Structure formats: structure tokens, C-alpha cells
Amino acid sequence: MKQKSYTFSEIKQKIANYCVYQDRSHQEVEQKLKEFLLIPEAKEEIVLFLIAENYINEERFTRSYIRGKFYIKSWGKKKIANQLKMKGITEKLIRKCMDEINEQDYKTKILEIYRDYYDKLPSVAAYQKRSKTISYLIGKGYEYEDILEMLD
């Protein structure tokens with residue numbers, strides 16, 4: 001398959017549109033730039049332009065990602081933090097932005113998911129249902145201590 005060639009300004013505009021569509025991390029933009037055959041200086045110029053024009057903002061991306069994954073996907077803090085680390089976000093920034101999750105909402109979500117999953121399990125012994133449900137919540141990234149605290 002033949003790759004279409006673009007001018008520098010077309011690539012710059014395409015990458016800007018990519019960032020406008022949804023918040024992107026620096027790493028995601030770098031990955032997207034690899035699709036275009038650019039010299040390192042050109043890539044650097046595009047990235048600097050995107051940062052200067054606020055198309056790329058790591059804190060905004062991190063906050064948006066945390067809100068989306070918690071309120072829409074119902075992920076726990078651990079899973080969100082791990083995914084952000086994989087996207088090249090620093091531990092310090094992740095900790096700073098975790099305040100996007102309201103503590104009361106977090107606890108309510110644990111109970112909500114627990115009840116929902118527990119009720120859907122086939123009828124087996126109560127302790128097995130509880131154990132499977134706790135494992136499910138841990139898999140979604142919730143902390144064991146928080147789960148137990150909400151169940152007591």
C-alpha cells in the first residue's frame with residue numbers, strides 16, 4: 001500500500017486536529033508522528049508548536065483521563081494509575097490529579113459495583129459470591145482495604 005505524502009504544514013494541521021478531537025498525552029502524539037516520515041527537527045518543531053498553542057497539556061490530559069475512566073468505565077484508582085504510567089505520565093502528576101475522583105463517589109461506586117456483580121452471580125455459597133465479587137473489584141483497580149472498609 002502506497003503511503004500518501006503530506007507537506008509540513010498539512011502534517012502540523014493533522015496532528016493539531018488529532019489533539020483537538022480528544023486530549024492526548026505527549027507519548028500518544030509522538031506515536032502518531034511516527035506515521036509520518038519526518039526528520040527529528042520537524043517532529044520537535046511540531047511538538048513545541050502543540051505545547052505552545054496548548055494542544056498538548058499533560059495535566060489536562062491526566063485529569064480528563066481520570067474522570068473518564070472512573071465515571072464512565074468505573075475503573076479504580078490503581079488501574080487508572082497503571083494505565084497512565086503506560087502512557088508516560090509521571091507518578092507525581094498522577095497523584096496530583098487523583099483529586100478528580102470525589103472520595104464519596106469512589107466509595108459509592110465500590111458498593112454499587114459490589115451489589116450489581118454480587119446479584120448477577122449464580123446461586124452459590126455466600127462466602128464464594130463475596131470472594132468472587134471482591135476479586136472482580138480488585139481486577140477493576142479498587143484497593144482491597146477500600147473494598148473491605150465499604151463492606152463492613
Side-chain angles (χ1 to χ4, degrees), residues 1 3 11-36 38 40 43-152:
M1 195 157 118
Q3 190 174 11
I11 293 171
K12 200 171 173 180
Q13 188 57 52
K14 280 188 166 301
I15 298 297
N17 290 342
Y18 176 71
C19 293
V20 167
Y21 180 71
Q22 86 180 37
D23 284 327
R24 307 286 181 181
S25 72
H26 195 90
Q27 186 179 351
E28 288 172 324
V29 172
E30 292 281 345
Q31 196 65 40
K32 185 73 173 170
L33 281 168
K34 287 181 181 176
E35 294 177 13
F36 304 100
L38 291 169
K43 285 182 183 179
E44 192 175 313
E45 187 178 325
I46 290 173
V47 169
L48 290 173
F49 163 77
L50 295 171
I51 292 169
E53 296 298 319
N54 207 22
Y55 285 106
I56 300 176
N57 182 318
E58 291 282 284
E59 184 172 342
R60 185 182 64 217
F61 166 77
T62 304
R63 289 185 179 281
S64 166
Y65 189 89
I66 289 170
R67 280 191 310 273
K69 296 304 178 189
F70 176 69
Y71 289 103
I72 296 168
K73 294 256 188 190
S74 300
W75 287 4
K77 291 178 181 177
K78 276 184 166 179
K79 186 169 184 175
I80 293 170
N82 286 339
Q83 293 298 313
L84 283 168
K85 284 179 200 165
M86 288 171 51
K87 291 186 176 291
I89 305 299
T90 64
E91 182 79 41
K92 185 178 178 184
L93 183 57
I94 293 170
R95 278 196 311 275
K96 178 183 174 192
C97 295
M98 273 299 173
D99 64 356
E100 285 296 315
I101 299 175
N102 178 300
E103 279 306 309
Q104 192 54 49
D105 289 349
Y106 195 71
K107 291 176 179 182
T108 304
K109 185 71 77 175
I110 290 173
L111 275 177
E112 188 181 294
I113 294 170
Y114 182 89
R115 287 186 184 126
D116 187 49
Y117 191 80
Y118 187 90
D119 293 341
K120 287 180 182 174
L121 286 173
S123 49
V124 290
Y127 75 90
Q128 286 178 313
K129 284 176 88 168
R130 177 183 162 103
S131 175
K132 283 185 177 201
T133 306
I134 290 172
S135 294
Y136 176 74
L137 281 164
I138 290 170
K140 288 197 65 87
Y142 292 92
E143 297 82 354
Y144 184 69
E145 296 77 30
D146 290 344
I147 296 167
L148 292 183
E149 179 187 322
M150 290 312 299
L151 298 181
D152 292 338

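Only heavy atoms go into these numbers, but all of them, side chains included; no hydrogens, no water, no symmetry mates. Worth saying up front: this structure is predicted, and the values here are computed from it rather than measured.
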Considering all heavy atoms of both residues, which atom of Lys12 and which atom of Phe49 are nearest to each other, and what is their separation?
CE-CG, 3.4 Å

Using salt bridge (charged side-chain N to carboxylate O under 4.0 Å, His left out), reason through Glu30 and Lys34 one step at a time and then give a plain yes or no.
CA-CA 7 Å; Glu30 292 281 345; Lys34 287 181 181 176; over 6 Å; no

Quick one: closest heavy-atom pair of Ile110 and Ile147, and the distance?
CG2-CA, 4.1 Å

Taken to the nearest 0.5 Å, the spacing of Leu137 CG from Lys109 NZ works out to 11.5 Å

Could you check if a side-chain atom of Lys14 sits within less than 4.5 angstrom of a side-chain atom of Lys32, using non-hydrogen atoms only?
no

When every non-hydrogen atom of Ile94 is compared with those of Thr62, the smallest separation belongs to CA-CG2, 4.4 Å

Just checking, any donor-acceptor pair under 3.5 angstrom between side chains of Glu143 and Tyr106?
yes

Is any side-chain heavy atom of Tyr55 closer than 4.5 Å to a side-chain heavy atom of Ile15?
no

Between Lys129 and Leu121, the two heavy atoms sitting closest are O-CD1, 3.6 Å

Any donor-acceptor N/O pair, Ser131 side chain to Tyr127 backbone, under 3.5 Å
no

CD of Glu45 to CG of Leu38, rounded to nearest 0.5 Å, is 10.5 Å

Pairwise side-chain contact, Asp23 with Arg63, heavy-atom cut-off 4.5 Å (strictly under)
no

With a 4.0 Å cut-off on N to O distance, would you call Glu103 and Lys107 a salt bridge?
no

Phe36 to Lys43 - nearest heavy-atom pair and separation:
O-CE, 4.4 Å

Phe61 side chain reached by Cys19 side chain, heavy atoms, under 4.5 Å:
no

So, taking the atom named CG in Asp116 and the one named OG in Ser74, what distance separates them when rounded to the nearest 0.5 Å?
9.5 Å

Students often mix this up, so state it plainly: with edges at 30° and 60°, are the rings of Tyr118 and Tyr114 parallel, tilted or perpendicular?
parallel

Exercise: identify the closest heavy-atom pair between Cys97 and Ile66:
O-CD1, 3.6 Å

Tell me whether Arg60 at atom CZ has more than 12 heavy atoms from other residues, nucleotides or ligands lying less than 6.0 Å away.
yes

Rounded to the nearest 0.5 Å, how far apart are CE of Met98 and CG of Leu93?
10.0 Å

Inspect the surroundings of CD in Glu44 and state if more than 12 heavy atoms from other residues, nucleotides or ligands are less than 6.0 Å away.
no

Show your reasoning for whether side chain to side chain contact (heavy atoms under 4.5 Å, CB included) applies to Asn102 and Phe70.
CA-CA 10 Å; Asn102 178 300; Phe70 176 69; over 6 Å; no

Non-hydrogen side-chain atoms of Asp146 and Glu149 separated by less than 4.5 Å
yes

Would you call Gln83 and Lys69 a side-chain contact if the rule is heavy atoms closer than 4.5 Å?
no

Distance-only, no hydrogens or angles: does the Lys132 side chain make a donor-acceptor pair with backbone N or O of Tyr117 under 3.5 Å?
no

Look up atom NZ in Lys140 and atom NZ in Lys79, then write down how far apart they are to the nearest 0.5 Å.
6.0 Å

Could you tell me if the side chain of Ile113 sits less than 4.5 Å from the side chain of Tyr142, heavy atoms only?
yes

Ile89 side chain near Tyr65 side chain, heavy-atom distance below 4.5 Å
no

So how far is it from Thr90 OG1 to Glu58 CD, rounded to the nearest 0.5 Å?
8.0 Å

With salt bridge (charged side-chain N to carboxylate O under 4.0 Å, His left out) as the test, would you mind laying out the steps for Asp119 and Arg115 before giving the verdict?
CA-CA 6 Å; Asp119 293 341; Arg115 287 186 184 126; over 6 Å; no

